Amino acid sequence: MIVSIASGKGGTGKTTVAINLLRVAPGEAVYADCDVEEPNGRLFLRPEIAGEYTCTVPLPVVDYTKCTFCGRCREACRFNAIAVLPKSVMIFQELCHGCGACVMACPERAISERERPIGKVSHGTSGNAGFVEGLLNVGEAMSPPVIRQVRRHVGRDGLVLIDAPPGTSCPVIAAVNNTDFCLLVTEPTPFGLHDLKLAVAMVRALGLPHAVAINRAGLGDRGVHDYCAAEGIEILAEIPNDRRIAEAYAHGRTAVEELPELRPLFEKLLRAIGERIAARGAA
Amino acid sequence: MKQLAIVSGKGGTGKTTLTAAFAALADNAVMADCDVDAADLHLILAPEIGERHSFAGGLTATIDSEACVICGQCREMCRFDAIDETFTVDAAACEGCGVCYDVCPAGAVTLTNEVAGEWYVSSTRFGPMVHAALNVAQENSGKLVAQVRQRAREIAEADGRELIIIDGSPGIGCPVISSLTGVDAVLVCTEPTLSGQHDLERVLELAAHFDVPALVCVNKADLAPDMTEAIVAHSEEKGARFVGTIPYDETVVAAMIAARALSEHEPSPAREAVEEIWRTVRQILNGEA
Amino acid sequence: MKVAVSCIGDNLDAAVDPRFGRAQGFLIVDTDTAALQYVPNAQNLQAVQGAGIQAAQNVLNAGIEVLITGNIGPKAFRVLQEAGVRVYTGASGSVRQALEALQDNQLLETSQATKPGHWM
């Protein structure tokens with residue numbers, strides 16, 4: 001089963017929740033860091049890396065011995081990434097999505113593709129758990145191809161915990177789309193509530209089963225509780241606003257290892273998610 | 001006219017709190033909320049919307065099941081795994097490349113333009129503000145950021161405003177790149193955690209990549225003084241300029257709940273620290289420090 | 001020599017459009033024969049991205065050697081530079097005035113984009 005952990009707002013505790021769920025998981029479990037712009041899971045899990053490979057996107061290359069400068073490739077490109085001049089073809093890689101439309105459109109078969117590296121995927125183990133991480137190269141704009149590569153790497157077997165990037169746009173969609181359950185982590189503040197509403201709109205648009213976990217409970221106000229009650233969204237866990245959790249996090253230590261009394265909270269959360277997924281499967 | 005972007009690498013470090021406080025402290029600025037994915041600045045600045053514009057998104061394919069001849073070519077050629085075995089397009093996965101449209105022998109595919117979001121020009125108690133709302137599950141946030149920044153520049157030029165304060169988004173991807181290219185300085189607001197340090201490092205690399213001078217401040221610095229020290233030393237090593245720390249202070253959340261900028265709220269250690277950082281940043285922007 | 005001017009309208013009295021990629025259109029003026037040709041840019045006005053690249057492609061297809069506009073972004077400039085087109089920016093007033101200004105050497109030929117790209 002694949003559980004994605006997301007939030008509209010950044011810094012609400014997605015990684016904290018994902019890591020702690022991993023640590024209380026009873027069976028085979030994999031942590032997949034899909035926050036490829038800023039992956040942090042590694043700092044807590046200190047994995048033994050078994051291997052890594054480059055993640056690439058295809059970039060068209062024109063063979064000028066065959067090109068007749070007819071301009072079909074430019075017409076085919078919906079991203080406006082190609083200009084055909086009398087003696088050259090310019091391809092703007094920052095606009096190219098690597099879709100292959102230009103390759104198909106070329107009547108002279110003059111366009112081939114080379115693989116352009118944009119990031120890497122590392123995999124290994126942390127204790128009994130599997131670990132996979134995507135990392136986007138600095139200066140690259142499009143993270144979804146790296147995220148999709150991480151998703152392909154982990155597959156669907158066992159328990160897969162996906163640590164999603166913040167926000168609600170394309171990178172998040174790539175991370176949470178087609179997961180079995182999406183846990184939205186928020187904090188009980190006006191910013192947390194506002195961004196939770198966006199995240200809820202996103203998971204609803206994707207048709208994903210979802211629920212909320214509140215981090216730093218006790219801080220702020222009751223806005224998130226009132227909203228979830230009104231919208232019929234379950235709050236599956238409330239992680240207390242405890243300075244010791246923040247300090248453990250600061251130094252890259254896992255809350256359940258540092259503060260064993262938190263274990264039942266995460267065990268209960270993981271069971272609750274499992275039950276929600278099973279109930280849907282049965283229905 | 002100067003442009004200051006406030007970013008964080010890691011989310012939730014207090015970037016918007018800082019932006020709102022700067023907006024209140026600056027005399028003659030235009031605010032640009034470039035965290036278009038999860039915009040929060042308006043919760044504090046309470047903008048009155050003056051202009052409203054729609055923002056066009058890319059194309060999305062749909063397949064007419066009546067016309068579809070189930071040949072499978074679209075599914076085979078789609079590189080975004082956006083077409084399932086029933087030949088339905090997953091709109092969230094579709095990038096709008098049109099390859100399915102090009103290969104379909106039956107003319108069953110249509111491509112439609114979506115509205116990806118809206119952007120606004122508003123007035124606030126601190127001056128003009130340009131902001132946006134991206135519809136859920138949309139792409140191209142980098143382009144929307146560019147749109148917001150362009151309009152903020154036009155307003156600053158027309159009104160003779162001295163500063164554009166840009167609230168950036170977390171991460172290092174397209175909206176962030178779009179937020180910080182060509183600014184006079186980028187202030188990275190981080191926190192004293194291993195994650196904060198790691199993410200700061202990537203943002204500083206990004207700033208260097210685009211040749212933007214970087215400033216660093218540490219929020220909730222007293223949560224882990226050892227980490228704060230390490231971050232300060234490390235930032236300076238990377239050529240960034242350290243401009244101050246903000247203590248952990250629950251007044252920050254209280255101000256947020258009251259929908260006030262920290263610098264409008266009752267005196268507090270965090271408020272004092274933010275005001276000190278503002279003075280330093282302003283001097284740096286004016287070339288006085 | 002063919003000169004393109006970004007403009008709002010299809011004649012010499014039309015106002016110069018300060019934008020390039022998202023200009024309303026281009027008036028192509030043959031300075032040898034005084035022949036005029038209007039190239040609309042409506043398609044690129046709606047483009048999500050790459051408007052500048054495709055606007056550059058459009059004016060190149062008309063066989064121009066010189067472009068006059070208000071501002072130009074980096075990608076469009078790269079295309080025009082690659083094709084050897086001379087780019088003059090900072091034009092205002094009518095198309096006619098812009099052409100006169102060009103003749104009187106009052107316009108600046110630019111060797112780089114005059115505004116930041118739309119997103120990087």
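Side chains included, hydrogens not; waters and symmetry mates left out as well; all remaining heavy atoms used. Note on naming: letters A, B, ... go to the chains in the order of the sequence lines (proteins, then strands), and numbering restarts at 1 for each one. This one's a predicted model, so the numbers in the text were calculated from it and none came from an experiment.
- Checked by atom type, the side-chain pair A:Lys14/A:Ser7 shows a donor-acceptor distance below 3.5 Å.
- Interface remark: of the candidates A:Leu43, A:Thr12, A:Val172, A:Val36, A:Leu43 forms the most heavy-atom pairs closer than 4.5 Å to chain B.
- At a 4.5 Å heavy-atom cutoff, the contact between B:Ala39 and chain A is made by backbone atoms alone.
- There is no contact between A:Pro165 and chain B, counting heavy-atom distances below 4.5 Å.
- A side-chain donor from one of B:Tyr120 and B:Glu118 sits under 3.5 Å from a side-chain acceptor of the other.
- One finds a salt bridge joining A:Glu247 and A:Arg243 here, because a Lys/Arg side-chain nitrogen approaches an Asp/Glu carboxylate oxygen to under 4.0 Å.
- Annotation: the span from B:Leu18 atom CG to B:Cys217 atom SG amounts to 5.0 Å, rounded to 0.5 Å.
- Interface remark: A:Asn177 contributes side-chain atoms only to the contact with chain B (heavy atom separation under 4.5 Å).
- If you tally non-hydrogen atom pairs under 4.5 Å between each of B:Val253, B:Leu43, B:Val36, B:Leu206 and chain A, the highest count goes to B:Leu43.
- Counting heavy-atom pairs under 4.5 Å between each of B:Gly9, B:Ser169, B:Ser8 and chain A puts B:Gly9 at the top.
- Heavy-atom distances place the side chain of A:Arg148, and not its backbone, under 4.5 Å from chain B.
- Ring planes of A:His97 and A:Phe79: parallel class, angle under 30° (limits at 30 and 60°).
- For A:Arg152, the part lying near chain B is the side chain, with the backbone staying farther off; criterion is any non-hydrogen pair under 4.5 Å.
- When heavy atoms are compared at a cutoff of 4.5 Å, B:Pro170 approaches chain A by way of both its backbone and its side chain.
- For the set A:Asn40, A:Leu198, A:Asp221, A:Leu136, the count of heavy-atom pairs under 4.5 angstrom toward chain B peaks at A:Asn40.
- Proximity to chain B is limited to the side chain of A:Ile173, based on heavy atoms less than 4.5 angstrom apart.
- In summary, the side chains of B:Glu201 and B:His234 do present a donor paired with an acceptor at a separation below 3.5 Å, with no hydrogens or angles considered.
- Contact count versus chain B (heavy atoms, under 4.5 Å) is highest, among A:Ser169, A:Ala101, A:Pro171, for A:Ser169.
- Between A:Arg216 and A:Glu238 no salt bridge is recorded (no basic side-chain N to carboxylate O distance below 4.0 Å).
- For a residue to count as touching a neighbouring chain, one of its non-hydrogen atoms must lie under 4.5 Å from one of that chain's; by this rule A:Asn241 touches chain B with the side chain only.
- Annotation: the span from A:Leu45 atom CG to A:Glu133 atom CD amounts to 10.0 Å, rounded to 0.5 Å.
- In this structure, chain B has heavy atoms under 4.5 Å from both the backbone and the side chain of A:Ala201.
- Neither the backbone nor the side chain of A:Ser143 has a heavy atom closer than 4.5 Å to any heavy atom of chain B.
- Interface residue B:Asp226: only side-chain heavy atoms are found under 4.5 Å from chain A.
- Each of A:Gly10, A:Ala250, A:Gly11 has some count of heavy-atom pairs under 4.5 Å with chain B, and the biggest count is that of A:Ala250.
- Contact annotation for A:Thr168: both backbone and side-chain heavy atoms come within less than 4.5 Å of a heavy atom of chain B.
- Only the side chain of A:Asn178 comes within contact range of chain B, with at least one heavy atom under 4.5 Å from a heavy atom of that chain.
- Of the possible polar contacts, none joining the B:Asp40 side chain to the A:Asp195 backbone as a donor-acceptor pair under 3.5 Å is found.
- Within the 4.5 angstrom heavy-atom criterion, only side-chain atoms of A:Leu206, from C-beta onward, approach chain B.
- Across A:Glu187, A:Arg204, A:Met202, the residue that shares the most heavy-atom pairs under 4.5 angstrom with chain B is A:Met202.
- Contact between B:Val183 and B:Ala5 at its shortest, heavy atoms only, is CG1-CB, 4.1 Å.
- With B:Pro175 as reference, B:Val145 is the one residue of B:Leu144, B:Asp37, B:Val145 to meet the side chain to side chain contact (heavy atoms under 4.5 Å, CB included) rule.
- Among A:Arg42, A:Glu37, A:Glu140, the residue making the largest number of heavy-atom pairs under 4.5 Å with chain B is A:Glu37.
- When heavy atoms are compared at a cutoff of 4.5 Å, A:Pro39 approaches chain B by way of both its backbone and its side chain.
- We find that A:Glu258 and A:Arg253 are joined by a salt bridge, their nearest charged nitrogen and carboxylate oxygen being less than 4.0 Å apart.
- Taking the six-membered ring for Trp and thresholds of 30 and 60 degrees, B:His42 and A:His194 have ring planes more than 60 degrees apart, a perpendicular arrangement.
- Considering CD of B:Glu95 and SG of A:Cys99, their distance stands at 9.0 Å, rounded to 0.5 Å.
- Both the backbone and the side chain of B:Ile172 have a heavy atom closer than 4.5 Å to some heavy atom of chain A.
- Nearest heavy atoms, A:Phe181 versus A:His210: CZ-C, 3.7 Å.
- Interface residue B:Asp81: only side-chain heavy atoms are found under 4.5 Å from chain A.
- Only the side chain of A:Met104 comes within less than 4.5 Å of a heavy atom in chain B; its backbone stays farther off.
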